[in-house]
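Read the numbers this way: they start at 1 and go in the same order the structure lists the ligands and their atoms.
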Amino acid sequence: MKILVINAGSSSLKYQLFEMPEGKVLAKGLCECIGIEGGTVTHKRPGQDDYKVKTPLDDHEAALAWVLKLLTDTELGVIADISEIGAVGHRIAHGGEKLRASCLIDDEVITYLESIVPINPLHGPPAIAGMRGCRKLMENVPMVGVFDTSFHSTMPEKAYIYPIPYELYEEKSIRRYGFHGTSHRYVSGRAAEMLGKKPEELKIITCHLGNGSSITAVNGGKVVDTTMGFTPQEGILMGTRSGSVDPTIVTYLQSQGMTAAEVEKMLNKQSGLLGVSGKSSDARVVCDAAAEGDKRSQLALEILYYGIKKYIGAYTAAMNGLDVLVFTAGIGENDRDLRRRVCQDMDYLGIAMDEEVNATCPRGKDADVSAADSRVKILVIPTDEEYMIALDTARLAAD
Ligand code: AMP
(Lines give C-alpha, C1' and ligand atoms only; values in the text may rest on other atoms or scores of the structure.)
Protein backbone atom coordinates (compact mmCIF):
# COMPACT_ATOMS: atom_id res chain seq x y z
CA MET A 1 0.00 0.00 0.00
CA LYS A 2 1.25 3.48 -0.82
CA ILE A 3 1.00 5.95 2.05
CA LEU A 4 1.40 9.70 1.71
CA VAL A 5 2.70 11.36 4.88
CA ILE A 6 1.98 15.06 5.28
CA ASN A 7 3.54 17.42 7.82
CA ALA A 8 1.92 20.85 7.51
CA GLY A 9 3.58 23.82 9.23
CA SER A 10 2.42 27.44 9.28
CA SER A 11 4.06 28.31 5.95
CA SER A 12 5.46 24.95 4.86
CA LEU A 13 4.32 21.46 3.96
CA LYS A 14 6.60 18.42 3.95
CA TYR A 15 5.58 15.18 2.23
CA GLN A 16 6.85 11.64 1.82
CA LEU A 17 5.33 8.85 -0.23
CA PHE A 18 6.03 5.41 1.26
CA GLU A 19 5.60 1.91 -0.08
CA MET A 20 4.38 -0.08 2.92
CA PRO A 21 5.03 -2.45 4.60
CA GLU A 22 8.53 -2.23 3.07
CA GLY A 23 8.95 1.31 4.40
CA LYS A 24 10.56 2.35 1.12
CA VAL A 25 10.47 6.09 0.37
CA LEU A 26 9.36 6.59 -3.25
CA ALA A 27 9.47 10.39 -3.21
CA LYS A 28 9.58 13.25 -0.75
CA GLY A 29 9.70 16.99 -0.75
CA LEU A 30 8.92 20.33 0.73
CA CYS A 31 6.60 23.23 -0.15
CA GLU A 32 7.87 26.48 1.35
CA CYS A 33 6.52 30.01 1.75
CA ILE A 34 2.84 29.05 1.66
CA GLY A 35 0.66 32.16 1.85
CA ILE A 36 3.64 34.47 1.58
CA GLU A 37 5.94 35.60 -1.19
CA GLY A 38 8.59 33.25 -2.55
CA GLY A 39 6.61 29.99 -2.85
CA THR A 40 8.90 27.07 -3.71
CA VAL A 41 8.37 23.34 -4.17
CA THR A 42 11.31 20.92 -3.92
CA HIS A 43 10.63 17.36 -5.06
CA LYS A 44 13.10 14.51 -4.48
CA ARG A 45 13.24 10.94 -5.69
CA PRO A 46 15.94 8.49 -4.62
CA GLY A 47 18.76 8.31 -7.13
CA GLN A 48 17.44 11.22 -9.24
CA ASP A 49 18.20 14.93 -9.40
CA ASP A 50 16.03 17.15 -7.19
CA TYR A 51 13.34 19.16 -8.97
CA LYS A 52 12.75 22.70 -7.70
CA VAL A 53 10.09 25.11 -8.89
CA LYS A 54 9.24 28.65 -7.80
CA THR A 55 5.49 29.16 -7.81
CA PRO A 56 2.98 31.09 -5.71
CA LEU A 57 1.41 28.83 -3.07
CA ASP A 58 -1.69 30.66 -1.87
CA ASP A 59 -2.66 28.13 0.79
CA HIS A 60 -2.08 24.56 1.96
CA GLU A 61 -4.57 23.21 -0.57
CA ALA A 62 -2.60 24.81 -3.40
CA ALA A 63 0.60 23.27 -2.02
CA LEU A 64 -1.05 19.84 -1.85
CA ALA A 65 -2.30 20.21 -5.41
CA TRP A 66 1.35 20.71 -6.44
CA VAL A 67 2.44 17.66 -4.47
CA LEU A 68 -0.17 15.47 -6.18
CA LYS A 69 0.70 16.93 -9.58
CA LEU A 70 4.40 16.11 -9.08
CA LEU A 71 3.76 12.62 -7.69
CA THR A 72 1.69 11.74 -10.78
CA ASP A 73 3.73 13.68 -13.36
CA THR A 74 4.79 11.51 -16.31
CA GLU A 75 8.45 12.56 -15.97
CA LEU A 76 8.89 13.53 -12.32
CA GLY A 77 6.23 11.33 -10.77
CA VAL A 78 6.40 7.93 -9.10
CA ILE A 79 2.77 6.85 -9.49
CA ALA A 80 0.41 6.89 -12.47
CA ASP A 81 -2.67 8.07 -10.64
CA ILE A 82 -3.76 9.54 -7.30
CA SER A 83 -5.94 6.46 -6.77
CA GLU A 84 -2.75 4.48 -6.08
CA ILE A 85 -2.42 6.32 -2.75
CA GLY A 86 -4.08 4.03 -0.22
CA ALA A 87 -4.14 6.45 2.71
CA VAL A 88 -2.76 9.76 3.97
CA GLY A 89 -1.08 10.14 7.35
CA HIS A 90 -1.01 13.58 8.94
CA ARG A 91 1.53 14.64 11.52
CA ILE A 92 -0.43 16.60 14.12
CA ALA A 93 1.46 18.33 16.92
CA HIS A 94 -1.34 18.36 19.48
CA GLY A 95 -4.06 15.82 20.17
CA GLY A 96 -5.27 17.53 23.34
CA GLU A 97 -6.69 15.44 26.17
CA LYS A 98 -8.96 13.32 23.98
CA LEU A 99 -6.84 12.10 21.06
CA ARG A 100 -4.47 9.79 22.90
CA ALA A 101 -3.62 7.47 20.03
CA SER A 102 -3.35 7.68 16.25
CA CYS A 103 -6.82 7.51 14.69
CA LEU A 104 -8.79 7.79 11.46
CA ILE A 105 -9.73 11.40 10.78
CA ASP A 106 -13.44 12.12 10.49
CA ASP A 107 -15.55 15.26 11.00
CA GLU A 108 -15.66 14.70 14.75
CA VAL A 109 -11.84 14.60 14.96
CA ILE A 110 -11.50 17.79 12.91
CA THR A 111 -14.11 19.55 15.07
CA TYR A 112 -12.22 18.51 18.21
CA LEU A 113 -8.90 19.71 16.74
CA GLU A 114 -10.56 23.05 15.95
CA SER A 115 -11.79 23.29 19.54
CA ILE A 116 -8.21 22.98 20.89
CA VAL A 117 -6.67 25.60 18.58
CA PRO A 118 -6.51 28.04 21.55
CA ILE A 119 -3.95 25.74 23.24
CA ASN A 120 -2.22 24.94 19.93
CA PRO A 121 -2.38 28.23 18.04
CA LEU A 122 0.77 27.82 15.91
CA HIS A 123 0.50 24.24 14.72
CA GLY A 124 -3.26 23.56 14.85
CA PRO A 125 -4.52 25.77 11.99
CA PRO A 126 -2.00 24.59 9.33
CA ALA A 127 -2.56 20.92 10.26
CA ILE A 128 -6.33 21.41 9.91
CA ALA A 129 -5.80 23.24 6.59
CA GLY A 130 -3.71 20.28 5.39
CA MET A 131 -6.46 17.82 6.33
CA ARG A 132 -9.16 19.91 4.66
CA GLY A 133 -7.02 20.26 1.53
CA CYS A 134 -6.54 16.47 1.35
CA ARG A 135 -10.26 15.89 1.83
CA LYS A 136 -11.00 18.11 -1.15
CA LEU A 137 -8.33 16.78 -3.47
CA MET A 138 -8.49 13.11 -2.46
CA GLU A 139 -12.10 12.72 -1.46
CA ASN A 140 -12.32 9.01 -0.71
CA VAL A 141 -8.85 8.32 0.56
CA PRO A 142 -8.76 7.46 4.29
CA MET A 143 -6.79 9.89 6.46
CA VAL A 144 -5.06 9.11 9.73
CA GLY A 145 -3.89 11.58 12.38
CA VAL A 146 -0.69 10.84 14.30
CA PHE A 147 -0.24 13.11 17.29
CA ASP A 148 3.03 14.31 18.82
CA THR A 149 1.36 14.29 22.21
CA SER A 150 -0.16 10.81 22.21
CA PHE A 151 2.91 8.77 23.26
CA HIS A 152 3.03 10.93 26.40
CA SER A 153 -0.58 10.25 27.37
CA THR A 154 0.51 7.44 29.73
CA MET A 155 2.15 9.93 32.12
CA PRO A 156 0.79 9.72 35.66
CA GLU A 157 -1.13 12.68 37.06
CA LYS A 158 1.77 13.62 39.35
CA ALA A 159 3.87 14.25 36.22
CA TYR A 160 1.31 16.09 34.13
CA ILE A 161 -0.59 18.21 36.66
CA TYR A 162 1.09 21.55 37.39
CA PRO A 163 1.03 22.65 41.03
CA ILE A 164 -1.25 25.61 40.29
CA PRO A 165 -5.01 25.82 41.10
CA TYR A 166 -6.57 22.54 39.91
CA GLU A 167 -9.44 24.44 38.28
CA LEU A 168 -7.00 25.68 35.62
CA TYR A 169 -6.58 22.07 34.52
CA GLU A 170 -10.31 21.37 34.66
CA GLU A 171 -11.46 24.57 33.02
CA LYS A 172 -8.60 25.55 30.71
CA SER A 173 -6.89 22.19 30.06
CA ILE A 174 -3.59 23.53 31.42
CA ARG A 175 -1.39 20.47 31.99
CA ARG A 176 1.80 18.88 30.71
CA TYR A 177 1.15 17.34 27.28
CA GLY A 178 4.69 16.74 26.01
CA PHE A 179 5.75 16.87 22.36
CA HIS A 180 8.03 15.02 19.88
CA GLY A 181 6.13 11.90 20.99
CA THR A 182 6.34 10.17 17.62
CA SER A 183 10.13 10.54 17.69
CA HIS A 184 10.43 9.32 21.30
CA ARG A 185 8.16 6.37 20.44
CA TYR A 186 10.23 5.46 17.37
CA VAL A 187 13.66 5.64 19.03
CA SER A 188 12.61 3.89 22.25
CA GLY A 189 11.07 1.06 20.19
CA ARG A 190 14.12 0.87 17.97
CA ALA A 191 16.41 0.82 21.04
CA ALA A 192 14.58 -2.25 22.38
CA GLU A 193 14.82 -3.86 18.93
CA MET A 194 18.59 -3.19 18.76
CA LEU A 195 19.08 -4.84 22.15
CA GLY A 196 16.86 -7.80 21.31
CA LYS A 197 14.52 -6.97 24.20
CA LYS A 198 10.87 -6.07 24.63
CA PRO A 199 10.11 -2.39 25.49
CA GLU A 200 8.35 -3.75 28.62
CA GLU A 201 11.72 -4.94 29.95
CA LEU A 202 13.55 -1.60 29.71
CA LYS A 203 13.97 1.75 31.44
CA ILE A 204 14.91 4.18 28.70
CA ILE A 205 15.71 7.90 28.56
CA THR A 206 15.36 9.34 25.06
CA CYS A 207 17.06 12.67 24.30
CA HIS A 208 15.56 14.30 21.18
CA LEU A 209 18.00 17.18 20.65
CA GLY A 210 17.34 19.37 17.62
CA ASN A 211 16.15 22.90 17.03
CA GLY A 212 13.49 22.01 19.54
CA SER A 213 14.60 19.54 22.20
CA SER A 214 12.91 17.27 24.70
CA ILE A 215 13.90 14.42 26.98
CA THR A 216 11.54 11.59 27.89
CA ALA A 217 11.57 8.81 30.49
CA VAL A 218 10.06 5.59 29.12
CA ASN A 219 9.55 2.83 31.69
CA GLY A 220 8.38 -0.52 30.33
CA GLY A 221 7.29 1.05 27.03
CA LYS A 222 5.24 3.78 28.74
CA VAL A 223 6.16 7.43 29.14
CA VAL A 224 6.40 8.41 32.80
CA ASP A 225 7.67 11.96 32.30
CA THR A 226 8.87 14.36 29.62
CA THR A 227 10.46 17.78 29.64
CA MET A 228 8.17 19.69 27.29
CA GLY A 229 4.94 20.71 28.92
CA PHE A 230 1.78 22.68 28.18
CA THR A 231 3.71 23.95 25.16
CA PRO A 232 7.07 23.03 23.58
CA GLN A 233 8.58 25.92 25.54
CA GLU A 234 9.33 23.96 28.74
CA GLY A 235 12.42 21.88 29.51
CA ILE A 236 16.01 22.27 28.38
CA LEU A 237 17.58 25.16 26.47
CA MET A 238 16.82 24.91 22.70
CA GLY A 239 17.81 26.73 19.51
CA THR A 240 15.77 29.87 20.17
CA ARG A 241 13.60 28.76 23.11
CA SER A 242 14.65 29.32 26.70
CA GLY A 243 13.29 26.08 28.11
CA SER A 244 12.19 26.31 31.76
CA VAL A 245 12.71 29.63 33.52
CA ASP A 246 11.32 31.10 36.72
CA PRO A 247 7.78 32.19 35.67
CA THR A 248 8.16 35.35 37.72
CA ILE A 249 10.64 36.59 35.09
CA VAL A 250 7.60 36.86 32.79
CA THR A 251 5.45 38.86 35.17
CA TYR A 252 8.41 40.99 36.25
CA LEU A 253 9.19 41.97 32.65
CA GLN A 254 5.51 42.72 32.05
CA SER A 255 5.46 44.94 35.12
CA GLN A 256 8.45 46.73 33.56
CA GLY A 257 6.47 47.52 30.40
CA MET A 258 6.93 44.56 28.05
CA THR A 259 3.72 43.21 26.51
CA ALA A 260 2.70 39.55 26.73
CA ALA A 261 3.47 39.17 23.01
CA GLU A 262 6.94 40.68 23.46
CA VAL A 263 7.78 38.37 26.36
CA GLU A 264 6.48 35.38 24.39
CA LYS A 265 8.65 36.36 21.42
CA MET A 266 11.68 36.81 23.65
CA LEU A 267 11.25 33.37 25.27
CA ASN A 268 10.35 31.55 22.04
CA LYS A 269 12.45 33.21 19.36
CA GLN A 270 15.28 35.13 21.00
CA SER A 271 16.46 32.84 23.80
CA GLY A 272 18.21 29.47 24.03
CA LEU A 273 21.46 29.00 22.10
CA LEU A 274 20.77 32.22 20.20
CA GLY A 275 19.96 34.31 23.25
CA VAL A 276 22.92 33.20 25.35
CA SER A 277 25.55 33.04 22.60
CA GLY A 278 24.33 36.08 20.67
CA LYS A 279 25.63 34.25 17.59
CA SER A 280 23.09 31.79 16.24
CA SER A 281 20.36 29.28 17.04
CA ASP A 282 22.24 26.73 14.92
CA ALA A 283 24.26 24.41 17.13
CA ARG A 284 26.99 24.03 14.48
CA VAL A 285 27.63 27.77 14.40
CA VAL A 286 27.65 27.98 18.21
CA CYS A 287 30.03 24.97 18.44
CA ASP A 288 32.41 26.58 15.93
CA ALA A 289 32.34 29.92 17.78
CA ALA A 290 32.94 28.12 21.10
CA ALA A 291 35.90 26.26 19.59
CA GLU A 292 37.36 29.61 18.55
CA GLY A 293 37.13 30.82 22.15
CA ASP A 294 33.85 32.75 22.17
CA LYS A 295 32.90 32.79 25.86
CA ARG A 296 29.14 33.23 25.46
CA SER A 297 28.97 30.38 22.94
CA GLN A 298 30.89 28.19 25.38
CA LEU A 299 28.45 29.19 28.12
CA ALA A 300 25.39 28.42 25.94
CA LEU A 301 26.73 24.91 25.32
CA GLU A 302 27.62 24.41 29.00
CA ILE A 303 24.04 25.30 29.96
CA LEU A 304 22.76 22.78 27.41
CA TYR A 305 25.04 19.93 28.57
CA TYR A 306 24.27 20.67 32.23
CA GLY A 307 20.50 20.75 31.56
CA ILE A 308 20.58 17.38 29.80
CA LYS A 309 22.66 15.83 32.60
CA LYS A 310 20.24 17.07 35.24
CA TYR A 311 17.23 15.53 33.49
CA ILE A 312 19.07 12.22 33.01
CA GLY A 313 19.66 12.16 36.76
CA ALA A 314 16.07 13.15 37.55
CA TYR A 315 14.52 10.59 35.21
CA THR A 316 16.82 7.82 36.44
CA ALA A 317 15.49 8.60 39.91
CA ALA A 318 11.90 8.72 38.60
CA MET A 319 12.29 5.21 37.13
CA ASN A 320 14.53 3.83 39.91
CA GLY A 321 17.14 2.90 37.34
CA LEU A 322 18.20 3.20 33.76
CA ASP A 323 19.00 0.59 31.10
CA VAL A 324 19.31 2.68 27.94
CA LEU A 325 20.17 6.27 27.08
CA VAL A 326 19.29 7.30 23.51
CA PHE A 327 20.48 10.35 21.54
CA THR A 328 18.51 11.44 18.48
CA ALA A 329 17.58 14.40 16.18
CA GLY A 330 19.95 16.91 14.53
CA ILE A 331 22.19 17.59 17.52
CA GLY A 332 21.82 14.21 19.25
CA GLU A 333 22.64 12.28 16.09
CA ASN A 334 25.47 14.48 14.85
CA ASP A 335 27.17 16.32 17.68
CA ARG A 336 29.66 13.80 19.02
CA ASP A 337 31.18 16.28 21.43
CA LEU A 338 27.81 16.99 23.03
CA ARG A 339 27.25 13.25 23.56
CA ARG A 340 30.73 12.91 25.09
CA ARG A 341 30.28 15.87 27.41
CA VAL A 342 26.81 14.77 28.56
CA CYS A 343 28.05 11.26 29.38
CA GLN A 344 31.21 12.47 31.15
CA ASP A 345 31.27 11.99 34.95
CA MET A 346 28.10 9.95 34.96
CA ASP A 347 29.74 6.76 36.25
CA TYR A 348 27.67 6.92 39.45
CA LEU A 349 24.62 6.23 37.27
CA GLY A 350 26.40 3.45 35.39
CA ILE A 351 26.85 5.51 32.23
CA ALA A 352 30.23 4.92 30.56
CA MET A 353 30.86 5.85 26.94
CA ASP A 354 33.40 4.36 24.54
CA GLU A 355 34.69 7.75 23.45
CA GLU A 356 36.53 6.38 20.45
CA VAL A 357 33.48 4.61 19.07
CA ASN A 358 31.45 7.76 19.79
CA ALA A 359 33.97 9.90 17.91
CA THR A 360 34.09 7.67 14.85
CA CYS A 361 30.64 6.11 14.46
CA PRO A 362 29.16 6.93 11.04
CA ARG A 363 26.45 9.59 10.95
CA GLY A 364 22.93 8.61 9.90
CA LYS A 365 23.19 5.06 11.26
CA ASP A 366 22.16 3.36 14.50
CA ALA A 367 25.14 2.97 16.80
CA ASP A 368 25.98 1.60 20.24
CA VAL A 369 28.55 3.96 21.78
CA SER A 370 28.64 2.49 25.29
CA ALA A 371 31.85 1.14 26.83
CA ALA A 372 32.00 -2.62 27.28
CA ASP A 373 31.57 -2.26 31.07
CA SER A 374 28.81 0.37 30.96
CA ARG A 375 25.74 -0.70 32.95
CA VAL A 376 23.67 1.61 30.75
CA LYS A 377 23.60 1.16 26.98
CA ILE A 378 24.22 4.45 25.17
CA LEU A 379 22.66 4.41 21.71
CA VAL A 380 22.60 6.88 18.82
CA ILE A 381 19.46 6.35 16.73
CA PRO A 382 18.49 8.55 13.76
CA THR A 383 14.84 9.36 14.31
CA ASP A 384 12.21 8.58 11.66
CA GLU A 385 8.91 10.18 12.54
CA GLU A 386 7.59 9.91 8.98
CA TYR A 387 8.10 6.14 8.91
CA MET A 388 6.29 5.84 12.24
CA ILE A 389 3.38 7.88 10.81
CA ALA A 390 3.33 5.67 7.70
CA LEU A 391 3.25 2.54 9.90
CA ASP A 392 0.29 3.79 11.97
CA THR A 393 -1.50 4.99 8.84
CA ALA A 394 -1.10 1.67 7.01
CA ARG A 395 -2.32 -0.21 10.10
CA LEU A 396 -5.38 1.95 10.74
CA ALA A 397 -6.34 2.29 7.06
CA ALA A 398 -6.24 -1.50 6.64
CA ASP A 399 -8.59 -2.11 9.64
P1 AMP B 1 16.67 19.16 13.84
O2 AMP B 1 15.69 20.15 14.46
O3 AMP B 1 16.51 17.78 14.37
O4 AMP B 1 16.68 19.23 12.35
O5 AMP B 1 18.14 19.62 14.32
C6 AMP B 1 18.69 20.84 13.94
C7 AMP B 1 19.89 21.12 14.80
O8 AMP B 1 20.87 20.08 14.61
C9 AMP B 1 20.60 22.43 14.45
O10 AMP B 1 20.88 23.15 15.63
C11 AMP B 1 21.88 21.98 13.80
O12 AMP B 1 22.92 22.87 14.00
C13 AMP B 1 22.14 20.69 14.55
N14 AMP B 1 23.16 19.88 13.87
C15 AMP B 1 23.09 19.28 12.68
N16 AMP B 1 24.29 18.70 12.37
C17 AMP B 1 25.12 18.97 13.41
C18 AMP B 1 26.50 18.68 13.72
N19 AMP B 1 27.25 17.98 12.87
N20 AMP B 1 27.01 19.13 14.88
C21 AMP B 1 26.25 19.84 15.73
N22 AMP B 1 24.96 20.14 15.51
C23 AMP B 1 24.39 19.73 14.37
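- Nearest protein heavy-atom contact of atom 12 (O) of ligand 1 is D282 OD1, 2.4 Å.
- Atom 8 (O) of ligand 1 is approached by the protein to below 4.0 angstrom, counting heavy atoms only.
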Next on the checklist: Quick one, I308 with C207, criterion side chain to side chain contact (heavy atoms under 4.5 Å, CB included). Give me CA distance, side-chain angles, the key distance, then yes/no.
Outcome noted: CA-CA 8 Å; I308 300 169; C207 303; 4.3 Å; yes
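- Listed here is the closest heavy atom pair of H94 and F147: O-CD2, 4.1 Å.
- Scanning the protein for heavy atoms near atom 13 (C) of ligand 1, the closest one is I331 CG1, 3.6 Å.
- There is no side-chain donor-acceptor pair under 3.5 Å between E171 and Y166.
- Heavy-atom proximity to N334, at under 4.0 Å, picks out these atoms of ligand 1: 15 (C), 16 (N), 17 (C), 18 (C), 19 (N).
- Numbered from 1 in the order shown, with element, the atoms of ligand 1 that lie under 4.0 Å from a heavy atom of G210 read 1 (P), 2 (O), 3 (O), 5 (O).
- At a 3.5 angstrom cut-off on N or O pairs, H208 does not count as close to ligand 1.
- Taking the ring centre of Y160 as origin, the terminal cationic atom of R175 falls inside the region bounded by 6.0 Å and 45° from the ring axis.
- A salt bridge is absent between D323 and K203; no separation between the charged side-chain nitrogens and carboxylate oxygens falls under 4.0 Å.
- Proximity annotation for atom 20 (N) of ligand 1: of R284, R363, E333, R336, R284 comes nearest, heavy atoms only.
- Closest to atom 6 (C) of ligand 1 among all protein heavy atoms lies N211 N, 3.7 Å.
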Item to check | Residue pair I381, Y186: steps toward the side chain to side chain contact (heavy atoms under 4.5 Å, CB included) verdict | outcome: CA-CA 9 Å; I381 303 179; Y186 173 77; 4.3 Å; yes
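- Taking the side chain as every heavy atom from C-beta outward, L17 and I85 approach each other to under 4.5 Å.
- When P382, G330, A283 are checked for heavy-atom proximity to atom 3 (O) of ligand 1, G330 turns out nearest.
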